[in-house]
Amino acid sequence: MYRYLERRLAEHLREFLRRNYGLEIANIVVEQPPKIEFGEYALPLAFELAKKLRQAPRKIADEIVAGVGAIPGFEKFEVAGGGYINVRLKRTELALALAADRSPAAEVAPGKVLVEHSSINPNKAAHIGHLRNAILGDTFVRLLRFAGRDVDVQNYIDNTGVQVADVVVGFLHIEQKTRAQIEALAAAPRFDYVCWDLYARVSHWYEENKSNLQVRAATLRSIEEGNNEIAAVADLISVAVLKRHLETMDRLDIEYDFLPRESEILHLHFWDAAFSTLKETGVLTYEAEGKNAGCWVMRRGGTSAGKALTTDGAELTGERITEEEQKVIVRSNGTVGYVGKDIAYHMWKFGLLGRDFGYRKFYRYPNGHDCWISAVEGEKVHPHFGDVAEIYNVIDARQSEAQNTVIEALRGLGHGQAADRYTHFSYEMVALTPRCAAELGYKLSEEEKARSWIEVSGRKGFGVKADDLLDALISSARQEVDGRHPELSEAERAGIAAQIAIGALRYFMLKFTKPSVIAFDFKDALSFEGDTGPYAQYAVVRASNIFRKGGFDPAAFCKDEAGEVFTADFSSYLEGESGNDVWELWLAAAKTSYVVSQCIATTEPAYLAKHAFQLAQLFNTFYHRYPILSEADEGRKKFLLTTTAVVRRELIRILAAMGISVPPVM
RNA sequence: GGGCCCGUAGCUCAAGCGGAUAGAGCAUCGGAUUUCUAAUCCGAGGGUUGCAGGUUCGAUUCCUGCCGGGCCUACCA
């Protein structure tokens, strides 16, 4: 609602400026005043116009305020300070619309969106770094769906790469296991933990004797070729670990629709289809000499094409790319690197490849939702994946160059529109504080002790596993729940502890903005107080308590009839100085879809976490200040109950968009 | 060497496209009404926004240089 009114205000002003000043201002800046007393919107417009009109900002502001006229829903315009225009809404009107949950339908961009996230190598347990990825990705999916978009969720599986090969080497060469023995291990719980330890041992084994690396190379070759015993072992390992990842993520309410695998990109020859067009369009050039002699290369993403561009801007053919700026796509032995496969895969995503995967049902979630996986020969009936209008790849910042290279390849192929709708959803890694690393038994050098964080390493088996962290959170939450609610059944207490643990974890991963490295520490992550998920959950529980103890249904206070009954009372409680406190709460509650659209536009879910916290904080203050059930004035009591019902509804929605549910009691 | 990112309170982080007195949480200290109340609330202390310039009516935000830190820069994925 807040978002809709902002747009209406901006459009009205744009029209006003066009008519009265003959000015075209494409982007009218609308801010939020620092204090509720100043109104709901603030316009620094007069400062901007001062130069153009050669007049004092204050004078321009006065003129605009005098001439702007009425806008439905708006109370008045005021000049403040040196030329700010503060805008006030008709509080009661907005409140009634909000109580009735009435909000004009926002236009939804057409076309399907594809979000790819998680993409964990299926050779070891997921760790906290993967959690950040999956939680960011899943939350972004929820935000897009909140905004009405049709979204497919994909999790790319590199099942034929070095990392899987390493674990295969571990089982076959170090552990000397047979395929049947590995199969038995894979069927046991937490097989991914077994792989986690083994993977670290394999890395060590390579270091002990460099000639062991030949075993890796041979294993990798066999896996890529397929149709042999080693490939079968690799497949059984990667499928088993993948299932474990799906289980781990399901604990956090994270689901996928489709799991495209590298094995199918290989075996269905996606690359061959891409290679010919890449050559024809000159995106790839052949190096006859130099360091990359015999390779097909392209310009590294992010390096400038500079003056090589002709005047029409499209022609890159014939341009020399310096060796420094070359990215090898096809090696001199004719094999293709991962960036090449990624280019083909992304052509498929946009429906530009002319080939498709086969599809098989792979995993059914407890709620009945099916997750599909790629296959050489698929089932006849399957959903249609790929061929989308827009994509988001949730991949950490270390891969931004590779991502940019893929984008540039699409652009070079003439698919500029696809390239424009390709978003690398980039975020920084999760590392450990030195203290946390020490707790995990990692021996720190003096230099490392002084650093603010230590990078995790799957290769070394150094990190916090996702399931371990969840277990720790659940047991910590469980202690609290047991102490507070001994009257509840075992199952109820377990359920509440899980909800709190998930709330704490998801919120923790979302509260940091993407470019910030998270220095992980158990103390912070296990906190349930202050700027945390449980804080926001608790605010909802408090609101629910009021309705439960009062014997009211919160939904009854959010409906249309509330508007009809309470119109007069609403204004007397909301308007004027005395209404500021409660109005601030209403206004915050009205901003949900505004914040969601900001999150999508900036690909930054942290704003939503901040919003949840702010709304919860305002509610807690309100809760403390206004006793509701004991309120003697019936009209006022109903107003306060409506306020509580609206805030409760919005908080539940906001938390749901973050994948956080709210326990019945806390 | 080149590219990208970061530097804000003791600690961890915010600050929407340049805007009003730079805000939270944690930690510390002091308080909270027989109530829907403590996973909460109120208050206090705590800042040369890394440094130096520039642009601007206005800079944490944009530009330049420097200092410090991280990541990327494989015919690995």
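So that the names make sense, note that chain A is the first sequence line, chain B the second, and so on, each numbered from 1.
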Novice: Report which part of the nucleic acid A:Phe613 touches: base, sugar-phosphate, or nothing (heavy-atom distance under 4.0 Å, all strands).
Specialist: sugar-phosphate
Novice: With P as the reference atom in both, quote the distance from B:A59 to B:G43 in angstrom, rounded to an integer.
Specialist: 30 Å
Novice: Which part of the nucleic acid, if any, lies within reach of A:Val517 when heavy atoms closer than 4.0 Å are counted: base, sugar-phosphate only, or nothing?
Specialist: sugar-phosphate
Novice: If you check every side-chain atom of A:Thr513, which of B:C71, B:G25, B:C13 has the closest atom?
Specialist: B:C13
Novice: When you measure from the side-chain N and O atoms of A:Gln617 to the phosphate of B:G25, is any distance below 4.0 Å, counting only OP1 and OP2?
Specialist: yes
Novice: Checking all strands, does A:Leu629 fall into the base, sugar-phosphate, or nothing category for heavy-atom contacts under 4.0 angstrom?
Specialist: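 Result for A:Leu629 = sugar-phosphate.
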Novice: Does a side-chain N or O of A:Lys291 approach OP1 or OP2 of B:C75 to a distance below 4.0 Å, or not?
Specialist: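 Yes.
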Novice: The side chain of A:Tyr607 lies closest to which of these nucleotides: B:C41, B:A77, B:A15?
Specialist: B:A15
Novice: Looking at B:G1, which nucleotide sits across from it as a Watson-Crick or G-U wobble partner, both distances under 3.5 angstrom, or is there none?
Specialist: B:U73
Novice: Restricting both atoms to N or O, compile the protein contacts to nucleotides 2-7 of chain B shorter than 3.5 Å, with distance only.
Specialist:
none

Novice: Let's see if you can work this out: which of B:A39, B:U40, B:C17 has an atom nearest to the side-chain heavy atoms of A:Asn27?
Specialist: B:C17
Novice: Between B:G58 and B:C26, how far is it from one P atom to the other, in whole Å?
Specialist: 38 Å
Novice: Using the P atom as the reference point in each nucleotide, state the distance between B:G2 and B:U64 in Å, no decimals.
Specialist: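 The answer is 14 Å between these two P atoms.
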Novice: Donor-acceptor pair, distance only, cut-off 3.5 Å: does the side chain of A:Lys124 make one with the backbone of A:Gln163?
Specialist: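 Not a single qualifying donor-acceptor pair exists.
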Novice: My understanding is that a pair needs two contacts under 3.5 Å, Watson-Crick or G-U wobble. By that rule, which nucleotide pairs with B:U12?
Specialist: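 Across any shown strand, B:U12 pairs with B:A24.
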Novice: Using both distances under 3.5 Å as the test, list the Watson-Crick or G-U wobble partner of B:U40, or none.
Specialist: B:A32
Novice: Please check if the side chain of A:Asn212 supplies one atom and the backbone of A:Trp205 the other of a donor-acceptor pair under 3.5 Å.
Specialist: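 Checking the backbone N and O of A:Trp205 against the side chain of A:Asn212, a donor-acceptor pair under 3.5 Å is found.
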Novice: Tell me which nucleotide, if any, is Watson-Crick or G-U wobble paired with B:G47 when both distances must be under 3.5 Å.
Specialist: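 Its partner: none found.
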Novice: For B:G7, give its Watson-Crick or G-U wobble partner with both distances under 3.5 Å, or none.
Specialist: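 Base partner found: B:C67.
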Novice: Does A:Asn292 get its side chain close enough to the base of B:C75, under 3.5 Å, for a donor-acceptor pair?
Specialist: no
Novice: Which is true for A:Ile500 with a 4.0 Å heavy-atom rule: it touches a base, it touches only sugar-phosphate, or it touches nothing?
Specialist: base
Novice: Scan A:Phe47 against the nucleic acid and name what it touches under 4.0 Å (heavy atoms): base, sugar-phosphate only, or nothing.
Specialist: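 Base, at least one base atom sits under 4.0 Å.
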Novice: Quick one: is A:Lys511 getting a side-chain N or O under 4.0 Å of the B:A24 phosphate, OP1 or OP2?
Specialist: no
Novice: Under 30°, 30 to 60°, or over 60°: which ring-plane class applies to A:Tyr594 and A:Tyr2, parallel, tilted or perpendicular?
Specialist: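 Perpendicular: the ring planes of A:Tyr594 and A:Tyr2 meet at over 60°.
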Novice: Please compare A:Asn620 and A:Val336 by the position of their nearest nucleotide in RNA chain B and report the one closer to 5'.
Specialist: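 Counting from the 5' end, the first nearest nucleotide belongs to A:Asn620.
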Novice: Given B:C71, B:C75, B:G70, which nucleotide is nearest the side-chain atoms of A:Glu455?
Specialist: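 For A:Glu455, the side-chain atoms sit closest to B:C71.
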Novice: Counting the atoms with a prime plus P, OP1 and OP2 as sugar-phosphate, which does A:Arg451 contact under 4.0 Å by heavy atoms, base, sugar-phosphate, or nothing?
Specialist: sugar-phosphate
Novice: Nearest to the side chain of A:Met666, which nucleotide is it out of B:C41, B:C76, B:A39?
Specialist: B:A39
Novice: Would you mind classifying the nucleic acid contact of A:Phe512 as base, sugar-phosphate or nothing, using non-hydrogen atoms under 4.0 angstrom?
Specialist: sugar-phosphate
Novice: Let's see if you can work this out: which of B:U40, B:C57, B:C17 has an atom nearest to the side-chain heavy atoms of A:Val29?
Specialist: B:C17
Novice: Quick check: are there more than 12 heavy atoms from other residues, nucleotides or ligands sitting under 6.0 Å from CD of A:Gln479?
Specialist: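 At most 12 heavy atoms, drawn from other residues, nucleotides or ligands, come within 6.0 Å of this atom.
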Novice: Round to a whole Å and report the spacing from CG of A:Leu266 to P of B:A77.
Specialist: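 Checked: the CG to P distance equals 11 Å.
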Novice: Looking at the base of B:U21, is there any donor atom on it, or on the side chain of A:Lys35, that sits under 3.5 Å from an acceptor on the other one?
Specialist: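 Pair found.
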Novice: Yes or no on salt bridge (charged side-chain N to carboxylate O under 4.0 Å, His left out) for A:Asp521 and A:Lys523, after CA distance, side-chain angles and deciding distance?
Specialist: CA-CA 5 Å; A:Asp521 197 300; A:Lys523 180 180 147 288; over 6 Å; no
Novice: Determine whether the aromatic ring centres of A:Tyr507 and A:Tyr535 lie less than 6.0 Å apart.
Specialist: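 Distance test on ring centres: not under 6.0 Å, no.
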Novice: Sticking with atom C1', work out how far B:G46 lies from B:A9, rounded to a whole angstrom.
Specialist: 6 Å
Novice: Quick one: is B:U40 close enough that its OP1 or OP2 comes under 4.0 Å of any side-chain N or O from A:Arg484?
Specialist: no
Novice: Would you say A:Tyr626 places a side-chain N or O within less than 4.0 Å of OP1 or OP2 belonging to B:U37?
Specialist: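 So the side-chain polar atoms of A:Tyr626 never come under 4.0 Å of the phosphate oxygens OP1 or OP2 of B:U37.
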Novice: May I ask you to say what A:Gln598 touches in the nucleic acid, namely base, sugar-phosphate or nothing, with a heavy-atom cut-off under 4.0 Å?
Specialist: sugar-phosphate
Novice: So A:Ala606, base contact, sugar-phosphate only, or nothing? Heavy-atom distance under 4.0 Å.
Specialist: nothing
Novice: Considering every strand and a 4.0 Å limit on heavy-atom distances, what is the contact class for A:Tyr623: base, sugar-phosphate, or nothing?
Specialist: base
Novice: Taking atom C1' in both B:U21 and B:C62, what distance in whole Å separates the two?
Specialist: 23 Å
Novice: Less than 3.5 Å between a donor and an acceptor, one on the side chain of A:Asn86 and one on the base of B:A20, is that the case here?
Specialist: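 Such a pair exists between side chain and base.
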